[in-house]
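This structure is a prediction, so every number in the text was calculated from the model and none was measured. Heavy atoms only: backbone and side chains are in, while hydrogens, waters and symmetry mates are out.
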Amino acid sequence: MQTSQSTGFCRTRRRSAFTLVELLVVIAIIGVLVALLLPAVQSAREAARRTQCKNNLKQLILGMHNYESAHKVFPAGEIHGGRWNAGYASGHSGADHCEWDGQIGIWGNLIFPFIERQAEHDMLDFNARKQYTPVNNQTIMQKKLKQFLCPSDPYDGLTSVWGNAANVARIQHYYAVNGSIEASTMPHPDGTTSYSHCNANNGMFFNDSRMPMASITDGTSNTAALCEVWGRISKDGGDSRGMNLHTAVYFDWTPNSNRSNPWKPNSFHQVGVHVAFADGSVHFIRNNITKAIFQAAATISGGETVDLGL
């Protein structure tokens, strides 16, 4: 007679889930990690946007150099008087410099052929008056062009209506440096004056300007040509300008110190603005630059000492 022996097995119980306390601990750890990593991610993204913004300005200033090589002058800040002729306006006289509804032509669309925008240039009717009457002109004025938009700036919509709904344009975030003061009383080469925005200025650009390289006697590395702006008076738009007229910036305020004027140096980089210089270089100018040095950088022949601390 065989006796059976029972064999005992040791079974371990497996847990099927975290306890509530453990789950809360894991969530808390994840939250701390996200809080630590998020600023780093945001900082990396802003660094990438700043690099793209700088590259945009680099393209634009090189386009201006190529324009100058072709026409022996830098593009006009804006075309107001005269007719379109050989790449720039000629035949100005008197009040023509204040003809805000004159023909299309700011520095931005004058350099289109030199920034791979030949198709847009060919669509424009530079002699049409008023500038916004041709449908093609309106189309190009309102087109979103990445070279003219800072990726850190949240607003890339149309400009406000300043007197005529047909004259709205796409906002842009890079303006031509007209000089060191907005309220200019300088006469044009033809001797005429009217009021500040229409007058000549002590920088590279102004209405109907035709600035040769040789006129920049302060030195091209010391003279600002383009600068970042909001191009408007509020984050959501407000009074603004774009690819139709008066994309001019004045260095009578230091960077990011005047948010209520479309024509002041402002950016969404917080601590400064990118500035393209007449030698083709692009530098990040911080908010703490002195007003005197910043103004000196805007002039072409002031004879000032410019130490940007770069």
Side-chain angles (χ1 to χ4, degrees), residues 60 75-85 88-89 91-112 115 117 119-150 153-176 178 182 184 194-199 201 205-209 226-250 260-264 266:
L60 295 177
E78 301 169 23
I79 295 174
H80 283 249
R83 309 298 289 180
W84 182 249
N85 177 31
Y88 50 86
H92 326 299
S93 62
D96 283 349
H97 299 304
C98 256
E99 190 180 356
W100 295 107
D101 284 342
Q103 63 262 50
I104 193 76
I106 63 166
W107 64 269
N109 45 50
L110 295 181
I111 66 170
F112 276 167
I115 57 171
R117 293 285 180 184
E120 285 85 351
H121 182 273
D122 292 344
M123 287 179 64
L124 289 169
D125 183 347
F126 284 96
N127 286 320
R129 298 186 181 210
K130 303 175 177 178
Q131 60 173 299
Y132 47 79
T133 47
V135 173
N136 281 353
N137 283 10
Q138 287 190 32
T139 298
I140 302 305
M141 284 161 49
Q142 297 175 11
K143 187 173 183 178
K144 190 178 292 186
L145 303 173
K146 63 180 182 179
Q147 291 104 321
F148 296 87
L149 297 170
C150 171
D153 195 319
Y155 186 76
D156 60 6
L158 297 177
T159 62
S160 57
V161 178
W162 281 12
N164 193 317
N167 201 23
V168 297
R170 183 69 52 182
I171 201 163
Q172 65 183 73
H173 303 143
Y174 309 114
Y175 281 11
N178 275 29
E182 182 175 347
S184 172
S194 50
Y195 79 98
S196 59
H197 288 175
C198 297
N199 290 333
N201 215 305
F205 304 96
F206 47 85
N207 289 7
D208 300 320
S209 59
L226 299 171
C227 180
E228 280 189 271
V229 296
W230 277 19
R232 59 196 187 278
I233 64 172
S234 72
K235 289 183 178 181
D236 300 323
D239 288 344
S240 54
R241 286 291 84 186
M243 188 60 75
N244 53 348
L245 64 92
H246 212 62
T247 52
V249 57
Y250 305 93
S260 62
N261 187 312
W263 306 297
K264 304 304 178 186
N266 290 310

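Screening residues 136-146 for salt bridge (charged side-chain N to carboxylate O under 4.0 Å, His left out) gives Glu120-Lys143, Lys144-Asp156 as the qualifying pairs, with residues at least two apart or on separate chains. Applying the salt bridge (charged side-chain N to carboxylate O under 4.0 Å, His left out) test to pairs two or more places apart or on separate chains, none has a residue in residues 159-169.
Here Ile106 contributes atom CD1 and Gln172 contributes atom CD; the two are 4.5 Å apart, rounded to the nearest 0.5 Å. The OG atom of Ser209 lies 10.0 Å from the CG atom of Asn201; values are rounded to the nearest 0.5 Å. Atoms CE and CG, on Met141 and Leu124 in that order, are 9.5 Å from each other to the nearest 0.5 Å. To the nearest 0.5 angstrom, Gln142 atom CD is 7.5 Å from Arg170 atom CZ. Residue Glu78 holds its CD atom at 8.5 Å from SG of Cys198, rounded to the nearest 0.5 Å. Within the model, atoms CG of Asn164 and CH2 of Trp100 stand 15.5 Å from one another, a figure rounded to the nearest 0.5 Å.
In this structure, Asn137 contributes its side chain and Asp125 its backbone to a donor-acceptor pair below 3.5 Å. Not one N or O on the side chain of Asp101 forms a donor-acceptor pair closer than 3.5 Å with the backbone of Lys130. Remark: the backbone N or O of Cys150 is not paired with any side-chain donor or acceptor of Glu228 at under 3.5 angstrom. A donor-acceptor pair is defined here as one N or O able to donate and one able to accept, closer than 3.5 Å; such a pair exists between the side chain of Asn199 and the backbone of Ser184.
Applying the side-chain contact (heavy atoms from CB on, under 4.5 Å) rule to Asp239 yields the partners Ser160, Trp162, Ile233; only residues at least two apart in sequence or on another chain are considered. Shown here are the side-chain contact (heavy atoms from CB on, under 4.5 Å) partners of Asn261, two or more places apart in sequence or in another chain: Glu182, Asn258, Trp263, Lys264. Phe148 is linked by a ring pair (Phe, Tyr, Trp, His ring centres under 6.0 Å) to Trp107, counting only residues two or more places apart in sequence or in another chain. For Ser196, the side-chain contact (heavy atoms from CB on, under 4.5 Å) partners at least two apart in sequence or on another chain are Ala183. Looking at residues two or more places apart in sequence or on another chain, you find no side chain to side chain donor-acceptor pair (under 3.5 Å) involving Gln138. Checked against ring pair (Phe, Tyr, Trp, His ring centres under 6.0 Å), Phe205 has no partners two or more places apart in sequence or in another chain. Taking Asp122 as the reference, Gln118 meet the side chain to side chain donor-acceptor pair (under 3.5 Å) condition, with sequence neighbours excluded. A search for side chain to side chain donor-acceptor pair (under 3.5 Å) contacts involving Tyr175 returns nothing, not counting sequence neighbours. Scored by the ring pair (Phe, Tyr, Trp, His ring centres under 6.0 Å) test, Phe206 finds His188 as partners (sequence neighbours excluded). Evaluation of the side chain to side chain donor-acceptor pair (under 3.5 Å) rule for Asn207 yields His80 as partners, not counting sequence neighbours.
Summarising the geometry of Met123 relative to Asn136, their closest heavy-atom pair is O-CB, 3.3 Å, with the distance given to 0.1 Å. Here the closest heavy-atom approach between residue Thr159 and residue Ser240 is recorded as CA-OG, 3.2 Å. Closest heavy-atom contact between Asn178 and Tyr250: CB-CE2, 3.7 Å. The minimum heavy-atom distance between Ala169 and Gly242, with the atom names listed, is CB-C, 4.3 Å. In plain terms, the two heavy atoms of Ile171 and Gly231 that are nearest each other are CD1-O, 3.7 Å.
The closest side-chain heavy-atom distance from Phe126 to Leu110 is below 4.5 Å. Residues Thr247 and Val229 are not in side-chain contact: their nearest non-hydrogen atoms beyond the backbone lie 4.5 Å or more apart. Within the 4.5 Å cutoff, the side chain of Asn109 has no heavy atoms near those of the Ile140 side chain. Side-chain contact between His173 and Arg232 is present, with heavy atoms from C-beta onward closer than 4.5 Å. Between Thr139 and Val135 the shortest side-chain heavy-atom distance falls below 4.5 Å. Looking at Gln147 and Phe112, their side chains never come closer than 4.5 Å, going by heavy atoms from C-beta outward.
For the residue pair Asn244 / Tyr132, no side-chain donor-acceptor distance below 3.5 Å is found, with atom types taken as modelled.
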